[in-house]
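Here's the structure, in structure tokens; my notes come after.
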Amino acid sequence: MPDKPRYRFETRVIHSAQRPERWEGSTQVPIHQTASHLHPTAEGLSDTFAGKSTDHIYLRLSNPTNRVLEEKICDLEGGKGAVVMASGMAAVANACMALLRSGDEFVAGTSLFMSTYLLFTQVFRKYGITARLVEPTDTGAIEEAINHKTRFVYLETIGNPRMDIPDLVAAGAVAHAHGVPLLVDNTLATPYLCRPLELGADVVIHSTTKYLGGHGAAVGGVVVDGGTFDWRSERFADFAPFVDRKGSLAYLDRVWREHHINFGTTQSPFQSYLTVLGLDTLVVRMERHLSNATALARYLRKRPEVLWVNYPGLEDHPDREMAERQFQGKGFGAMITFGLKDQGTCFRFIDSLELVCHLANLGDCKTLVIHPYSSQYVSFEEATRVRLGITPGLVRLSVGIEAVEDLCDDLGRALEKSR
Ligand SMILES: Cc1ncc(COP(=O)(O)O)c(C=O)c1O
């Protein structure tokens with residue numbers, strides 16, 4: 001962590017973990033593109049393997065460029081340690097699997113990113129693990145679903161694409177009252193809007209592919225450990241060797257040692273370098289993402305072709321108050337969903353866009369559009385799509401940082417053509 005005075009978030013996002021004195025004066029982190037690291041003595045390497053030093057051994061274990069990204073994100077989230085991984089899904093999978101054994105259960109908000117949903121409901125089921133899905137905004141339902149087999153509660157800061165916003169303070173309190181940790185995927189909010197560890201979460205997960213990188217050039221993920229959860233209970237007796245080794249960072253040690261290393265979910269140093277470059281501008285990008293999203297939500301609501309608009313910043317959104325409280329009044333995220341008449345209208349609308357990019361991603365500085373029903377969710381059963389709110393007329397917009405007037409013009413032209 002930076003051995004500098006504690007600067008404000010806006011400053012730390014640029015300067016934390018910077019070590020130009022170790023980088024021959026470079027102001028950007030060097031890309032340590034190496035599979036392995038030389039060790040001058042046999043004893044030194046033995047000590048490193050034994051965990052007595054944090055020197056680097058082999059890329060699958062750790063890397064100096066990756067470590068700079070880990071230190072930066074850990075600082076921004078207010079964590080005690082972090083591990084970057086090959087993708088957001090690697091981070092989601094490792095964060096959960098470090099806690100799960102066959103026969104275990106966990107409780108998750110039903111508003112989940114599509115691959116997370118499949119991992120929880122299909123892949124984990126193969127190993128006898130049950131995900132109890134509940135409404136993320138219903139803390140009572142979260143509590144009711146917890147039982148003696150539960151290992152954690154899992155929520156997303158902003159549900160995608162339902163745009164619901166769980167009460168993280170209440171969920172954390174309920175989880176802790178039952179002796180289990182709260183894991184939060186903070187991808188859509190970023191630490192600029194929300195720092196779940198400060199609200200009572202124990203672990204934060206990100207897809208760095210999205211707003212943290214911001215350029216749509218690199219894929220990555222990270223698990224951040226708040227280091228505050230007490231793993232020395234009966235329920236987590238299997239954590240004893242990790243507690244003995246790493247104390248308050250027992251969980252991250254297990255994520256890294258047992259899962260990240262052995263599943264080989266390695267991040268490439270070049271991708272970490274690109275993500276560090278992107279992070280420098282996170283704050284100014286987020287300010288623009290948020291103001292553009294609010295303006296576009298209001299614009300879309302006025303359009304006659306648009307049947308409904310779902311954006312937490314709209315005055316009548318059910319979770320607006322929660323967003324205001326949890327996001328420190330800074331904004332409401334930069335994802336909007338809205339409804340057109342039917343799938344055909346959505347297709348005509350998307351095909352008529354000239355500026356907005358049609359692709360499967362979000363959090364890019366470019367504005368992105370997708371029709372989830374016919375793309376990410378095309379192979380889902382209809383009943384599941386209905387339950388997740390994925391309807392044939394739903395369009396998802398990830399609002400970028402272009403001139404908002406140009407975005408309104410493009411959307412307006414395409415809406416006219418979609419009729
Ligand atoms: C909320 C959320 N979590 C996790 C992921 C997975 O990230 P990645 O695509 O980097 O694996 C995504 C991807 O869209 C996401 O939106």
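Note that the numbering runs from 1 along the sequence shown for the chain. Note that ligands are numbered from 1 as they come in the structure, with each ligand's atoms numbered from 1 the same way.
Within 6.0 Å of atom CZ in R232, 12 or fewer heavy atoms from other residues, nucleotides or ligands are found, so the atom counts as exposed in its surroundings.
Looking at N160 against ligand 1, only its side chain comes within 4.0 Å, counting heavy atoms. Neither the backbone nor the side chain of N361 comes within contact range of ligand 1; no heavy atom lies under 4.0 Å.
At under 3.5 Å, a nitrogen or oxygen of S207, whether backbone or side chain, sits near a nitrogen or oxygen of ligand 1.
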Taking distance alone, no hydrogens or angles, what donor-acceptor pairs closer than 3.5 Å link side-chain atoms of residues 78-97 to residues at least two apart or in another chain?
unit_1: S87; atom_1: OG; unit_2: M89; atom_2: N; d: 3.4
unit_1: S87; atom_1: OG; unit_2: A90; atom_2: N; d: 3.0
unit_1: N94; atom_1: ND2; unit_2: A90; atom_2: O; d: 3.3
unit_1: N94; atom_1: ND2; unit_2: T265; atom_2: OG1; d: 2.8

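The atoms of ligand 1 that sit less than 4.0 Å from any heavy atom of M89 are 6 (C), 7 (O), 8 (P), 11 (O). Ligand-side atoms of ligand 1 in range of L362: 16 (O), range being under 4.0 angstrom from any heavy atom. Against a heavy-atom cut-off of under 4.0 Å, D185 is close to the following atoms of ligand 1: 1 (C), 2 (C), 3 (N), 4 (C). The contact set between ligand 1 and S87, taken as ligand atoms under 4.0 Å from a residue heavy atom, comprises 10 (O), 11 (O).
Between Y377 and Y373, a ring centre-to-centre spacing not shorter than 6.0 Å is recorded. Ring centers of F338 and W308: at least 6.0 Å apart, outside the cut-off. When ring centroids are compared, Y192 and Y211 stay outside the 6.0 Å threshold.
Applying the side-chain contact (heavy atoms from CB on, under 4.5 Å) test to V386 and every residue at least two apart in sequence or in another chain returns E382.
Nearest non-hydrogen protein atom to atom 10 (O) of ligand 1 is T209 OG1, 2.6 Å. With respect to atom 8 (P) of ligand 1, the closest heavy atom belonging to the protein is G88 N, 3.4 Å. In terms of protein heavy-atom proximity, atom 15 (C) of ligand 1 is closest to F113 CG, 3.5 Å.
Under the 30°/60° scheme for interplanar angles, the aromatic rings of F106 and F152 are found to lie parallel.
Contact analysis puts K210 in contact with ligand 1, with a non-hydrogen atom separation below 4.0 angstrom. Ligand 1 lies less than 4.0 angstrom from a heavy atom belonging to G220.
Remark: R254 is positioned above the aromatic ring of F239, its terminal NZ or CZ atom under 6.0 angstrom from the ring centre and at most 45 degrees off the axis.
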